[in-house]
2 protein chains.
Amino acid sequence: MPRETPGSARPGWRPSLKDVATLAGVSVMTVSNVVRGAPNVSAATRERVLDVIERVGYVPNSSARNLRAGRSGVVSFAIPAIDNSYFAELARLMMDEAAALGRTVLIEQTKGDRELERRALTGYGPTPTDGLVFYPQALDGAQVSQYAAGRPLVLLGDRGGKGPGDVVTVDNEGGAREAVAHLLATGRRRVAAVGDPRGPGTENSHRRLAGYRTALGQAGLPFDAGLVPAVASYTRAQGEAATGALLDGGQPPDAVFAFNDMLAVGAVHAVLSRGLRVPEDVAVAGFDGTDEARYCNPPLTTVAPDKRGIAREAMRMLGDRITRGDEAPYRTVRMGHQLLVRRSTAGR
Amino acid sequence: MPRETPGSARPGWRPSLKDVATLAGVSVMTVSNVVRGAPNVSAATRERVLDVIERVGYVPNSSARNLRAGRSGVVSFAIPAIDNSYFAELARLMMDEAAALGRTVLIEQTKGDRELERRALTGYGPTPTDGLVFYPQALDGAQVSQYAAGRPLVLLGDRGGKGPGDVVTVDNEGGAREAVAHLLATGRRRVAAVGDPRGPGTENSHRRLAGYRTALGQAGLPFDAGLVPAVASYTRAQGEAATGALLDGGQPPDAVFAFNDMLAVGAVHAVLSRGLRVPEDVAVAGFDGTDEARYCNPPLTTVAPDKRGIAREAMRMLGDRITRGDEAPYRTVRMGHQLLVRRSTAGR
DNA sequence: GTGAAAGCGCTAACAG
DNA sequence: CTGTTAGCGCTTTCAC
């Protein structure tokens, strides 16, 4: 199978270092040096090589580079679902931060499925990635440790003890506590918590639930399990269903603290579709600080984590683990958050 | 540099075909045959090899495979922004469909930027992809043709003539016409069109604008340029700004047809925040059929393309171009759409 | 049914 | 400053 002569631009064919070298009358190493910007090339040679590169449209073959380097330059961002506004916004920021570090982000949807989470963690998918930023949902800490086994890993969200990787989180408990305290301060007394996953679920949810309980306790209110429905997923539909059931029950709430903005949007919908008003009859607060919450009607009060900061820190830490093969103890950084008070929780 | 003996599981180290071969006492080719499921391996040998593979946790190195195959198994999905609900939902579906075909999707955000779109098209990014599904925004047809040059490509959205790739689209003009006709049928007479990009923008927008004009014409209404503000991007914020300016002007509209759901959500917000009512004072309709529109308050009337179908067709066509190196004439498929009538356009 | 050889495109490590 | 060598892990080809 004779190699095509350079210049024969059959679709799908791409010139290699060797082609450029032949055309420029130098060795492949010299071309390689030029391409990588190595210093040891004379100006004249560099010029000539660059000319050829330009002319034939040479582009390095990443597979070959990766094979050499033992790395792919790609990092995974493994999340439950990209059509959750919070993850969509976060993904955008992750991609920006990664690009600034010369990396590419591959989004993997785990859908809260054990097997898909396992596959993302082990990296035994079809595409090789150098590490991952992971938002666990189905797997618990021990399982994550087991599967990740030495892969560069940054976990998003609260983790109990030392995990198998660095951790970037926000004060989930504190944020939830502030939101619920705010609700109570506006005179609400029956505050529902929508988002308890039951079962393992994410540690984040557990912390938010803890914050809810703390706020109730500080206000001297009892915990009422009847105000804490289970949800199967963190979607608008589940928020509506769970809140709807609460409203249709004997003792409806006068406020809803939803564990994320999707659920909150669904909650608002449930309230309004029953002819009740937000916030007059039922106040609603969410968590995530998404743009969608801001443009909701009425605009949603929400706990807004520093998403930009989360993305920056996650990519930075992951990069350190990858390039330095860092064996340093795992670190946890806690990014700031802000309670954005909007009309959905105005006093009555 | 002596190779590590198999079994020394230093983090980051992964066994190769050769390691497995050594351990199993066979050649690399036999292991390769087993791994790929080639038929010419005796049951006993296969068994032994599989044992070793299991034991050492062998996983094929994709870079090497790709280097050999000249393919990566990854396809790009190049879109303006992942935090636009429509693209987030579409991305989810694209990933599902791609997975069913044994491919992985790499999302690339072009942000409506010429250079980023060019880079996505040429595939000269850091990661090699076998082709792409592309939603153009800044580049016109000629430029797309020029840059894509022989790469497997599926274009999303209306394209004038024969493009440089297959096309999957919906009837943008028809959908827009139906939406506007519906608004007019409810008695509206000053229908604004929010989403004109001016300049090149997407052909989709131009088709939607054409549909708007057609509907007006069929109702015997004149086209009023004052009701067609320019927008800089297809975001909630731009929808609010453009609609707000219209409402604050001398001759406010009694209805808004927004070219996508993000703009429509912003439009609703602009109306409500001025103390006006949707739909009583101003009706609002969007385009995209996103879940967000459904949960908007009031729920948004919207033109819903068959997103699942779009994803399926796009991945199927792209796959054909990649595997068959298809030189067949480019095809255009038009997927169905549906006008979802909801409360935001109820008659008054 | 199994294996040896060659090479995909690239770069680190050395010559010259 | 430039070139030669070797090999990353895999699969196609062709012997045995």
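In this text the structure is predicted, and so the values were computed from the model without any measurement. Every chain is numbered from 1 and lettered A, B, ... according to where its sequence line falls, protein lines coming before strand lines.
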Asks: Could you check how far CD of B:Glu47 sits from P of C:dT2, rounded to whole Å?
Replies: 13 Å

Asks: Can you check the B:Asn66 CG to C:dG7 P distance for me, whole Å?
Replies: 21 Å

Asks: Is A:Thr45 near enough to D:dT2 that one of its side-chain N or O atoms lies under 4.0 angstrom from OP1 or OP2?
Replies: yes

Asks: Which is true for A:Ser63 with a 4.0 Å heavy-atom rule: it touches a base, it touches only sugar-phosphate, or it touches nothing?
Replies: nothing

Asks: Can you tell me how far P of D:dT5 sits from NZ of A:Lys18, to the nearest Å?
Replies: 13 Å

Asks: Does A:Ser42 place a side-chain N or O at less than 4.0 Å from the phosphate oxygens OP1/OP2 of D:dC1?
Replies: no

Asks: So if I take every side-chain heavy atom of A:Arg65 and compare against C:dT11, D:dT12, D:dG9, which nucleotide ends up nearest?
Replies: C:dT11

Asks: Nearest-Å distance, CZ (A:Arg36) to C1' (C:dG9)?
Replies: 13 Å

Asks: Let me know the distance between CZ of B:Arg71 and P of D:dT12, rounded to the nearest Å.
Replies: 11 Å

Asks: Could you report the tightest heavy-atom contact between B:Leu156 and B:Met94, atom names first, then the distance?
Replies: CD2-CE, 4.1 Å

Asks: A:Val26 has a side chain; which of C:dT11, D:dG3, D:dT2 sits nearest to it?
Replies: D:dG3

Asks: What do you reckon, is CD of A:Glu54 surrounded by more than 12 foreign heavy atoms closer than 6.0 Å?
Replies: no

Asks: B:Thr30 side chain N/O closer than 4.0 Å to the phosphate oxygens (OP1, OP2) of C:dG3?
Replies: yes

Asks: Atom OH of B:Tyr58 to atom P of D:dG9: distance rounded to whole Å?
Replies: 10 Å

Asks: Counting just side-chain N and O atoms, does B:Ser27 come under 4.0 Å of either OP1 or OP2 of C:dT2?
Replies: no

Asks: Determine the minimum heavy-atom distance between A:Val167 and A:Gly157, stating which atoms define it.
Replies: CG1-O, 3.4 Å

Asks: Would B:Lys111 and A:Asp96 satisfy salt bridge (charged side-chain N to carboxylate O under 4.0 Å, His left out), going step by step from the backbone distance to the final call?
Replies: CA-CA 11 Å; B:Lys111 303 179 178 179; A:Asp96 289 348; 2.7 Å; yes

Asks: Separation of B:Asn61 atom CG from D:dG7 atom C1', in whole Å?
Replies: 14 Å

Asks: Among D:dT4, C:dC10, C:dA4, which is the nearest nucleotide to the side chain of B:Met29?
Replies: C:dA4

Asks: Over all strands shown, is A:Asn40 touching base, sugar-phosphate only, or nothing at heavy-atom distances under 4.0 angstrom?
Replies: base

Asks: How close or far is atom C1' of C:dG9 from atom CG of B:Leu67, stated in whole angstroms?
Replies: 6 Å

Asks: Between A:Ala43 and A:Val28, name the one whose nearest nucleotide on DNA chain D is closer to the 5' end.
Replies: A:Ala43

Asks: Could you please spell out the steps behind the side-chain contact (heavy atoms from CB on, under 4.5 Å) verdict for B:Leu132 and B:Glu108?
Replies: CA-CA 10 Å; B:Leu132 77 163; B:Glu108 297 192 61; 5.7 Å; no

Asks: Quick check on C:dG9: is either OP1 or OP2 less than 4.0 Å from any side-chain nitrogen or oxygen of A:Arg68?
Replies: no

